[in-house]
Amino acid sequence: MKEIYFDNAATTRIDDEVLSSMMPYLKNEYGNASSIYKLGKRSHEAIEKTREEVAKVFNCDKDEIYFTSGGSESDNTAIKGIAYANKDKGKHIITSKIEHPAVLETCKMLERDGFEVTYLNVDENGIISLDELKKSIRKDTILISIMFANNEIGTIEPIKEIGKISREKNIYFHTDAVQAVGNIRIDVKELNIDSLSLSAHKFYGPKGIGVLYMKKGIKFNALINGGHQEKKKRAGTHNTASIVGLGTALKIAYDNLESHNKNIKELRDYYIEQVKEKIPYIKINGDLYKRLPGNANISFRFIEGEGLLLNLDNKGICASSGSACTSGSLDPSHVLLAIGLPHEIAHGSLRISIGKYNTKEEVDYLIKSLIEIVEKLRNMSPLYEEFMEGEK
């Protein structure tokens, strides 16, 4: 059975051109970038060239770009690093209730260490209130961390406005942009972003490599200590091949951004319209317009998400009920609960994230499969039977 992949928010297939760019550094150009001989120097040069290319994409200085193992490490380094290095100024942090666990769990750890954290509410579409943000700011607030776009429902936050508020109040602003990079053009200066996290495997690059942008002048502590790599802010031998792959993937993504977004948005909108037309008792989660182009999160009433996923898997379809990092949990998504869904409806959610390798034929197969599976599962559901009896 052929597998059809609709979980591009969890990870993406590496682009062939990206893999080709990495191969020399996995075979012949294998030198340690910290070494002084020519083999090592060539690796160092490749890393620094990539650093310049990444900085150009985000309109920042190359010395503001740090290579990490991915989004989670970048989030941890930004939040813990800024918090501990600036605790003499204050110990209050503001974030939102729908952040990725890499942010939420980091904030909870800081709370155990004496910091105070305000978790902002979101509306029914998953967007924070700027008024609530302003009211939450205190004299001892040192950091605001709000994600650029949500990984589960695709909602895009008002980043420019948050950055403006942060700048006016002289508070550092970090954004987890793991889902946004590759889908949205980001100018850190225009948006008043002080720190940003990204991960290559979300835009057809390799896993295990990410970037932390940190504006010059911001004090932050290292998360990983040891060698002198990354200006002594991230010890460890450089992953040269993956850094080069990240740079190639980023260039491809931004060279083709408009056409890529147009294509996957058309497929996403077609999928949503067909599901709305052919399957009753559903709810589309997240903002319909301020939304990542490939994201579609839909709740199917009277159905458990786990059963939906297992039946889709039996038909060769890969999808998700929420964040890949919490897929082993039986609890309903914290994001769906935060936007006001009751437990029983939140449990029946399905996240489809369409990518550049998906086709209309695959979407049609998904829709056909969903119609069959939803009918089958509802016919087995006592809640659905009770509901239908009440409708008579």
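Listed for the Thr77 side chain is no donor-acceptor partner under 3.5 Å among the backbone atoms of Ser74. Glu29 places no side-chain N or O within 3.5 Å of a backbone atom of Ser43 that could act as its donor or acceptor partner. Side chain of Thr68 to main chain of Leu212: no donor-acceptor pair is present (N/O by atom type, distance under 3.5 Å, no hydrogens or angles). Side-chain atoms of Glu64 come within 3.5 Å of backbone atoms of Lys216 as a donor-acceptor pair (strictly under, hydrogens ignored). Between the side chain of Arg291 and the main chain of Asp287, a donor-acceptor pair closer than 3.5 Å is present. Under the 3.5 Å distance criterion, the side-chain polar atoms of Ser349 are left unmatched by any main-chain donor or acceptor of Ile345. Between the side chain of Asn150 and the main chain of Ile153, a donor-acceptor pair closer than 3.5 Å is present. For Asn86 (side chain) and Lys219 (main-chain N/O), a donor-acceptor pair under 3.5 Å exists by modelled atom type. No side-chain donor-acceptor contact under 3.5 Å links Arg167 to the backbone of Phe173. Between the side chain of Glu17 and the backbone N or O of Thr248 there is no donor-acceptor pair closer than 3.5 Å.
Each of Lys91, His92, Arg138 was checked for a side-chain hydrogen bond (donor to acceptor under 3.5 Å, both in side chains) with Glu116, and the lone residue meeting it is Arg138.
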Show your reasoning for whether salt bridge (Lys or Arg N to Asp or Glu O under 4.0 Å) applies to Lys108 and Glu105.
CA-CA 5 Å; Lys108 288 176 185 176; Glu105 292 302 318; 3.5 Å; yes
Show your working on side chain to side chain contact (heavy atoms under 4.5 Å, CB included) between Asp7 and Arg351 and close with a plain yes or no.
CA-CA 8 Å; Asp7 202 16; Arg351 181 188 71 179; 3.0 Å; yes
Pair Tyr204-Ile252, side chain to side chain contact (heavy atoms under 4.5 Å, CB included): steps then yes or no:
CA-CA 9 Å; Tyr204 312 96; Ile252 293 170; over 6 Å; no
Show the numbers, then the answer: is there a salt bridge (Lys or Arg N to Asp or Glu O under 4.0 Å) between Lys134 and Glu168?
CA-CA 11 Å; Lys134 291 175 184 175; Glu168 288 171 352; over 6 Å; no
Stepwise, does the side chain to side chain contact (heavy atoms under 4.5 Å, CB included) test hold for Met147 with Gln179?
CA-CA 9 Å; Met147 65 192 342; Gln179 293 292 331; over 6 Å; no
Can you check side chain to side chain contact (heavy atoms under 4.5 Å, CB included) on Ile303 and Arg378, steps first, answer last?
CA-CA 6 Å; Ile303 288 177; Arg378 281 180 175 167; 3.8 Å; yes
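For the 3.5 Å distance criterion, the side chains of His174 and Ser195 fail to qualify, holding no donor opposite an acceptor. If you check the side chains of Glu306 and His347, you find no donor sitting under 3.5 Å from an acceptor. Side-chain contact of Ser96 with Glu99: a donor-acceptor pair under 3.5 Å is present, judged by distance alone. Lys80 and Asn76 share a donor-acceptor pair across their side chains, judged by distance under 3.5 Å alone. Under the 3.5 Å distance criterion, with hydrogens and angles disregarded, a donor-acceptor pair is assigned to the side chains of Asn121 and Lys97. For the residue pair Asn125 and Thr155, no side-chain donor N or O sits within less than 3.5 Å of a side-chain acceptor on the partner.
A cation-pi arrangement is absent between Arg13 and Tyr5 under the rule of less than 6.0 angstrom and at most 45 degrees off the ring axis. Annotation: cation-pi geometry satisfied between Lys233 and Phe220 (NZ/CZ under 6.0 angstrom from ring centroid, within 45° of ring axis).
Taken to the nearest 0.5 Å, the CG atom of Asp364 stands 10.5 Å off from the OG atom of Ser369. Atom CZ of Arg301 sits about 11.5 Å away from atom CD1 of Ile282, to the nearest 0.5 Å. Ile243 contributes atom CD1, which lies 14.5 Å from atom NZ of Lys49 (distance to the nearest 0.5 angstrom). Atoms OG1 and CD1, from Thr175 and Ile144 in turn, are 11.5 Å apart once rounded to the nearest 0.5 Å. From Tyr213, atom OH reaches atom CG of Asp194 across 6.5 Å, with rounding to the nearest 0.5 Å.
Contact check for Ile4 versus Leu366: no side-chain heavy atoms found under the 4.5 Å cut-off.
Ion pairing between a basic and an acidic side chain is recognised when a charged N comes within 4.0 Å of a carboxylate O; Glu375 and Lys278 show no such pairing.
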